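Each remark here refers to the structure printed beneath this line.
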Amino acid sequence: MDYQFKDIEKKWQQFWADHQTFKADNLSPKPKYYVMDMFPYPSGAGLHVGHPLGYIASDIFARYKRLKGFNVLHPMGYDSFGLPAEQYAIQTGQHPAITTEDNIATYRRQLDQIGFSFDWSREVRTSSPDYYKWTQWIFMELFNSWYNKAADKAEAITTLAEHFEKHGSKGINAASDEEVLTFTADDWKAFTSEEQQKELLKYRLTYLRESTVNWCAALGTVLANDEVKDGFSERGGYPVEQKKMMQWSMRITAYAERLLQGLDTIDWPEPLKEMQRNWIGKSVGASVKFGLTPTLSSGEGANSTKDSSSLSSGEGWGEAYIEVFTTRVDTIFGVTFVVLAPEHELVSQLTTPEQKATVEAYIAQTKKKSELDRMADTKTVSGAFTGSYVLNPLNGEKIQLWIADYVLAGYGTGAVMAVPSGDQRDYLFAKHYNLPIVPIMDIQNIEVEADPTKEGKYINSDFINGLEYKEATAAVIAKLEEVGAGKARVNFRMRDAIFGRQRYWGEPVPVYFKDNLPHLISESELPLLLPEVDKYLPTESGEPPLARAADWHYTLSSGAGQGEAFSYELSTMPGWAGSSWYWYRYMDAHNETEFASKEAIEYWKDVDLYIGGSEHATGHLLYSRFWNKFLKDIGKVVEEEPFKKLINQGMIQGRSNFVYRLVDEEGRPTNTYVSHGLKDQYKTTPLHVDVNIVTNEILDLDKFKKWRTEYETAEFILENGKYICGVEVEKMSKSKFNVVNPDDIIERYGADTLRMYEMFLGPLEQSKPWNTNGIEGVFKFLRKFWRLFHNDQWEFTVANEAPTKAELKALHKIIRKVEEDIERFSFNTSVSSFMIAVNELTDLKCNKRAILQDMVVILSSYAPHICEELWVQLGNPAGTLSYAAYPKFNPEYLIEDDFAYPISINGKTKMNLNIPLSLDVKDTEAFVLANADVQRYLDGKAPKKVIVVKGRIVNMVV
RNA sequence: GCUCAGAUGGUGGAACUGGUAGACACGCAGGACUUAAAAUCCUGUUCCCGUUAAAGGAGUGCGGGUUCGAUUCCCGCUCUGAGUACCA
């Protein structure tokens, strides 16, 4: 029979499902291999042809690894909490769980059609209670932990409480809030239980505190930094403003250094690592305290962070100071002013009465500027003098204190020491306000701009004069430490991640409030189920949707306060909560007593290959690494990094087609459409046309007329009897009529063709537009492959004779090629090689079992359905192909007796010459020179030089 | 501005450590089969000049360099895409 892909594919998909062919075993003597895809959010639109690209690549890899003898874990699930289902619920009143369920069904149907070798018995859904029970459990573990910097790991919060009990706050080096108390053991014991809890909260790895958040009014929720792009929400593009709110946060900054270091140990694309490094933003420098002047302290408006009374002590600096962060502490003698962010908390106190009006006007002006304006307008210099002065801690020099919006409140200490000779922003500021600029390097050129050089020797710099950069930095830091005015410090740009969302469709936070303090519910009460609500909107008083849940309160089953009803936390967890640990759930998806068993985790360990898009660089991929490190610290998992190797598949863009509608003199649209090549001779407007009625840019006129009623009577101006459409690459979207659905492709060509064509399109990592033109080539290839096994009457016919040398050569070439290609994720080149191999075997009229059976195994990772069918027809038991052995490459079959050397003169190839490979370099040269054609090219002259690279090339210089 | 990735026929792309540029496929042109069409098969297809065939020249974004030899390595530039942005 001819190649009937529909019957074949249906049959084998059914077989795999019925026999659970791809179920992975948690106990196996085989080496493990874990191949995972970024699980999808099941949107209402279903899959388009771009979505499965990465899944196909990972599936080929997973199937290949099975053939190579690995026990492969290749699971799939759904990231099913999220905003779109909730937005839909708000509009229609439909419960998000129902839409989510429907969407998952669509996704599953579409995925099944493509023939993936997923182990569906391990499917996870983040919105399912038996899954989010464990997300809540991890949250509780984080709440119960603090980060001990001395041990460089997370520890149980009880160890911190014990330390406070014994030693007070002394000797604790922890990741914590900024304002923690200093107290003795006796102080601690004297604290009320609430006071103790309040203090512990400042150390917990997930904590509640008043913080400035990205508030998106249109979405009614806060957003994490990575969910905000240029002042607008990443989803929906709504404006985002800064707002102070009581919020749950994750103390990811505790792990900043480990997150940075870990990047060097994993095999990820360099650009992606770079993005994470930038996001973490480590800078090494020093913090320096600029003391407030005593003159000021006795005057109006003086105050300090600690204790203003000590200012009169005459120390000059000491208790009252401005702290700055700098990466160039060596330039401290070039400081000519200090600048605070306008939002700095000490600004109002440090403004003198004379400057009050100016400063307040400036603050009002900067407040008006939106975040966007402030970013866009980096050229204009603006600021205001506070009237106050600070003292340089190393030479006591009196320095003006300014405010300016080029200093950001959220970075470092919100204050900078300005060195106009070395920093361009400080330079412009100094020029604009006529502040002094002092050179500090002998070779510095500061005539037109700042010169940040580290070369040369210091001048105007007190005790470091004449020194070089390295020794000067060390000397300054030593001196600062000696006088107690500063120390070496590392600063990170990364902030703690906001962990609450004022939304409905997310994991409830397992916390209730008693005396205004958060408490965990008991572990036995997990999962804390998402309650039913009448509407999915915030309440009239602005509380999150969960406040609408009737009768939703926490009651203590025992102890103090028993029977009393406490209110639950009303915000839910953000979208990234469920995706920050899901690879562990796949290891042991149905465990009811743990998130995954110890045995399962110790067997599977980590993800060997993770494939997904680069858009998750600073979100999911960073949070996942953070949670993984935490779980490692508390002894629940074994690897420091969760994803050993990661590959970003490129985005599949849309390829839009256009028709050109003629417009008349007055600019009114007509009913006539001009072909692309002639459109410049007319006045036209381009209109998107459905790419599914266009083939090789030629418009199907009948389909076009039927497409929409307005085109029913359309007329055309054709070129060469055809209507040619215009082309443009855009995002794939419904409104551009360029969406290609995999279902349609499978209907016409089958899943095997789709799989191979998606790979054939180009390198996996590269972004490229989808173009269905060309899919015929892959389809023809599969038919040609099928034909190798069949005679002219389409009867299955294979011969048992021994293969010829040529046949073995064709086979072993492809055995090696595909192996090499898959190992380096170059799937597109494999497809070409398969075509070459089948073309060769077709030319050789090869139908020998010894060749074809191995071909079936090699091709089966790419085109599994057709191969299963042929495998069985070859007489093998059904279902054994997936676990067959990849054929062994034998280099002997590729050994050649001679080689057609390209003979070139001065690097230009002139001819080819067959020369036995048994000849050595010298004999080869003689062989070439003896050739009559070569002599003709040389025109009788002897070449100056002859280069012979054995088995590659002969080059003659004349 | 900074960082990264990329630029090869009409199109998607190949050429792995410097060694025959354009594999493989699409498209296009011509042919076979057919009453015809579809399907299938065969031949050609980087460009220029020339043409029965040949022979010749140019050629991997642009300009230089290293080398017997460069799509590949080095320097400078242009363009495209992505990320990031007053980070002290």
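Given the structure is predicted, the values throughout are model-derived calculations rather than measurements. Here is the naming used below: chain letters follow the sequence lines, and residue numbers restart at 1 for every chain.
The phosphate of rC87(B) has OP1 or OP2 within less than 4.0 Å of a side-chain N or O from Arg425(A).
Salt bridge Lys809(A)/Glu840(A): absent, no basic N to carboxylate O contact under 4.0 Å. Under 4.0 Å is where a charged nitrogen must lie from a carboxylate oxygen, and between Lys6(A) and Glu747(A) at least one such pair does. At a threshold of 4.0 Å, the pair Asp423(A)-Arg425(A) counts as salt-bridged, since one of the basic side-chain nitrogens sits closer than that to a carboxylate oxygen.
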Sugar-phosphate or base contact per nucleotide [nucleotides 15-20 of chain B; S, B, -; heavy atom under 4.0 Å]: S---BB

The contact string for nucleotides 24-30 of chain B, one letter per nucleotide 5' to 3', using protein heavy atoms under 4.0 Å with B, S and - for base, sugar-phosphate only and none, comes out as BSSS---

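For the residue pair Ser382(A) and Tyr362(A), a side-chain donor N or O sits within less than 3.5 Å of a side-chain acceptor on the partner. Asp821(A) and Thr829(A) are linked by a side-chain donor-acceptor pair at a separation below 3.5 angstrom, with hydrogens and angles left out of the test. Using a 3.5 Å distance cut-off with no hydrogens or angles, the side chains of Asn491(A) and Ser283(A) do not pair a donor with an acceptor. With 3.5 Å as the limit, one finds a donor-acceptor pair spanning the side chains of Asn738(A) and Ser656(A).
The aromatic rings of Phe889(A) and His812(A) are tilted relative to each other, their planes meeting at an angle between 30° and 60°.
With both ends at atom P, the span from rC24(B) to rC77(B) equals 40 Å, rounded to whole Å. Atom P of rU78(B) sits at a distance of 15 Å from the matching atom of rG63(B), rounded to the whole Å. Rounded to whole Å, the C1' atom of rC42(B) lies 23 Å from the corresponding atom of rG10(B).
Residues Ile446(A) and Tyr427(A) approach most closely at O-OH, 2.9 Å, considering heavy atoms.
Side-chain atoms of Lys768(A) lie closest to rG13(B) of the nucleotides rC86(B), rU40(B), rG13(B). Comparing rG13(B), rC86(B), rC68(B) by their nearest atom to the side chain of Lys945(A) picks out rC68(B).
Residue order along RNA chain B, read from the 5' end via each residue's closest nucleotide, puts Glu274(A) first among Glu274(A) and Ala415(A). In terms of position along RNA chain B, the nucleotide closest to Phe779(A) lies nearer the 5' end than the nucleotide closest to the other residue of the pair Asp423(A) and Phe779(A).
A cation-pi arrangement is present between Lys454(A) and Tyr469(A), with the terminal nitrogen or guanidinium carbon under 6.0 Å from the aromatic centre and inside a 45° cone about the axis.
With a 3.5 Å ceiling on both atom-pair distances, rU51(B) lacks any Watson-Crick or G-U wobble partner. Pairing partner, rC86(B): none, since no Watson-Crick or wobble contact has both distances short of 3.5 Å. The partner of rU80(B) is rA5(B), judged by Watson-Crick or G-U wobble contacts that both fall below 3.5 Å. When both distances must be under 3.5 Å, the Watson-Crick or G-U wobble mate of rU66(B) does not exist. Taking a pair to require two hydrogen-bonding distances under 3.5 Å in either a Watson-Crick or a G-U wobble arrangement, rU45(B) pairs with rG27(B). The base-pairing partner of rG22(B), taking Watson-Crick or G-U wobble contacts with both distances under 3.5 Å, does not exist among the strands shown. Checking rU34(B) for Watson-Crick or G-U wobble geometry (two distances, each under 3.5 Å) identifies no partner in any strand. In a base pair of the Watson-Crick type (N1 to N3 plus N6-O4 or O6-N4) or a G-U wobble (N1-O2 and O6-N3), with each distance short of 3.5 Å, rA39(B) is matched with no nucleotide.
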Short N/O separations, protein against nucleotides 56-61 of chain B, under 3.5 angstrom:
none

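Looking at heavy-atom distances under 4.0 Å, Gln766(A) makes contact with sugar-phosphate atoms alone, never a base. Contacts of Pro763(A) with the nucleic acid, taken as non-hydrogen atoms under 4.0 Å apart, involve only primed sugar atoms and P, OP1 or OP2.
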Walk me through whether Arg328(A) and Asp330(A) qualify under salt bridge (charged side-chain N to carboxylate O under 4.0 Å, His left out). CA-CA 5 Å; Arg328(A) 287 297 301 276; Asp330(A) 57 300; 2.9 Å; yes

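The CG atom of Asn955(A) lies 14.5 Å from the CZ atom of Arg952(A); values are rounded to the nearest 0.5 Å.
Between Trp794(A) and Phe789(A), the ring centre distance reaches or exceeds 6.0 Å.
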